[in-house]
Trainee: 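I am attaching a structure below and will ask some questions about it afterwards.
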Amino acid sequence: MSEPNPYAGGEYRDGEYTWGPAHPPGAPGYGYPGGAPGYGYPQHPYPPVPTGGAGAPLLSIGDITVLPDSIVTPAGTMPLKGAVWNATDMSRTEERIPTHAVVLAVVFAVFCLLGLLFLLMKEKQTVGFIQVTVSSGGRYHSTMIPATGPETFPLVMGQLNYARSLSV
């Protein structure tokens, strides 16, 4: 290993290897046209383009979105001023004895009829939909919201009353 270092010229200075291509000291970093970005997410080369919306959504009921000055539905955009809102509760809560309670009642009926207490077990299940309609500016739209429990209709009515207060 008495040979001189074949890589001593060019990018080597004082025996130090400088990695990467040579570029002027004031040039921007690699891959960034305006210099290295700051902390956080990568900077986009183009500014965000406004979408022409009237603002951030205030409320969303099913597929109906309420903006500060309009109502956006799949049927089109309606004016918010003077909108008429309605809701119809088409849900019901069913109460039934679950299957496992019937099986336990039959199995434990042998022990002094104690198994019949399992028939007191009840299971409540809410099924159906809540229909929300809005009409304004000669247009009409209806949406169906699935009822997940007995509290669904009061929640939807709270949103509907807020939408009504915005429509005045």
Side-chain angles (χ1 to χ4, degrees), residues 29-168:
Y30 297 110
Y32 298 106
Y39 291 105
Y41 290 105
Q43 305 297 317
H44 295 286
Y46 306 108
V49 177
T51 57
L58 300 174
L59 177 67
S60 180
I61 304 172
D63 58 359
I64 301 170
T65 304
V66 180
L67 299 176
D69 62 345
S70 61
I71 303 166
V72 180
T73 66
T77 303
M78 305 179 210
L80 180 60
K81 197 89 167 153
V84 178
W85 298 86
N86 282 325
T88 306
D89 187 8
M90 296 187 291
S91 65
R92 66 183 186 280
T93 301
E94 300 172 346
E95 185 175 306
R96 64 182 188 90
I97 300 172
T99 308
H100 64 275
V102 174
V103 170
L104 289 173
V106 170
V107 170
F108 287 104
V110 180
F111 301 109
C112 301
L113 302 176
L114 188 63
L116 295 178
L117 290 176
F118 285 110
L119 295 178
L120 296 176
M121 293 173 61
K122 301 290 181 189
E123 179 178 76
K124 291 184 178 184
Q125 182 180 13
T126 302
V127 295
F129 294 91
I130 293 143
Q131 180 183 23
V132 176
T133 61
V134 59
S135 61
S136 177
R139 292 191 180 202
Y140 171 86
H141 182 72
S142 174
T143 186
M144 303 289 274
I145 299 169
T148 56
E151 71 282 349
T152 305
F153 186 67
L155 289 174
V156 170
M157 283 305 294
Q159 290 180 326
L160 207 65
N161 288 332
Y162 177 60
R164 285 176 180 156
S165 71
L166 294 172
S167 298
V168 178

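Throughout, numbering of the chain's residues begins at 1 and tracks the sequence.
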Trainee: Can you tell me how far the CD atom of Glu151 sits from the OG1 atom of Thr126, to the nearest 0.5 Å?
Mentor: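 So the gap between those two atoms works out to 7.5 Å.
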
Trainee: Less than 4.5 Å apart, any side-chain heavy atom of His141 and any of Asp63?
Mentor: yes

Trainee: Is the NZ atom of Lys124 crowded by more than 12 outside heavy atoms at less than 6.0 Å?
Mentor: no

Trainee: Working to the nearest 0.5 angstrom, can you tell me the gap between Asn161 CG and Met157 CE?
Mentor: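 One finds 5.0 Å between CG of Asn161 and CE of Met157.
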
Trainee: So, for Tyr140 and Met78, which heavy atoms are closest and what is the spacing to 0.1 Å?
Mentor: C-CE, 4.2 Å

Trainee: Decide yes or no on side-chain contact (heavy atoms from CB on, under 4.5 Å) for Ile71 and Ile64, but give the supporting numbers first.
Mentor: CA-CA 7 Å; Ile71 303 166; Ile64 301 170; 3.6 Å; yes

Trainee: Please check this pair: side chain of Lys81 against backbone of Val168, looking for a donor-acceptor N/O pair closer than 3.5 Å.
Mentor: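 At least one qualifying donor-acceptor pair exists.
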
Trainee: Would you give the length of the straight line joining atom CE of Met90 to atom CD of Gln131, rounded to the nearest 0.5 angstrom?
Mentor: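 With rounding to 0.5 Å, CE (Met90) is 4.5 Å from CD (Gln131).
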
Trainee: Minimum heavy-atom separation for Ala101 to Phe118, with atom names?
Mentor: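 What the structure gives for the nearest pair is CB-O, 3.3 Å.
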
Trainee: Is it true that a side-chain atom of Thr143 and a backbone atom of Val132 form a donor plus acceptor pair closer than 3.5 Å?
Mentor: no

Trainee: To the nearest 0.5 angstrom, please state how far the CG atom of Leu59 sits from the CD atom of Gln159.
Mentor: 5.5 Å

Trainee: Evaluate side-chain contact (heavy atoms from CB on, under 4.5 Å) for Ile97 paired with Met121, printing each intermediate quantity in order.
Mentor: CA-CA 6 Å; Ile97 300 172; Met121 293 173 61; 5.6 Å; no

Trainee: Can you tell me how far the CD atom of Glu95 sits from the CD atom of Glu123, to the nearest 0.5 Å?
Mentor: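 That separation rounds to 10.0 Å.
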
Trainee: Within the 4.5 Å heavy-atom criterion, are Leu80 and Asp69 side-chain neighbours or not?
Mentor: no

Trainee: Is the count of non-hydrogen atoms from other residues, nucleotides or ligands lying under 6.0 Å from Arg164 atom CZ greater than 12?
Mentor: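 Yes, because the 6.0 Å sphere around CZ of Arg164 holds more than 12 heavy atoms from other groups.
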
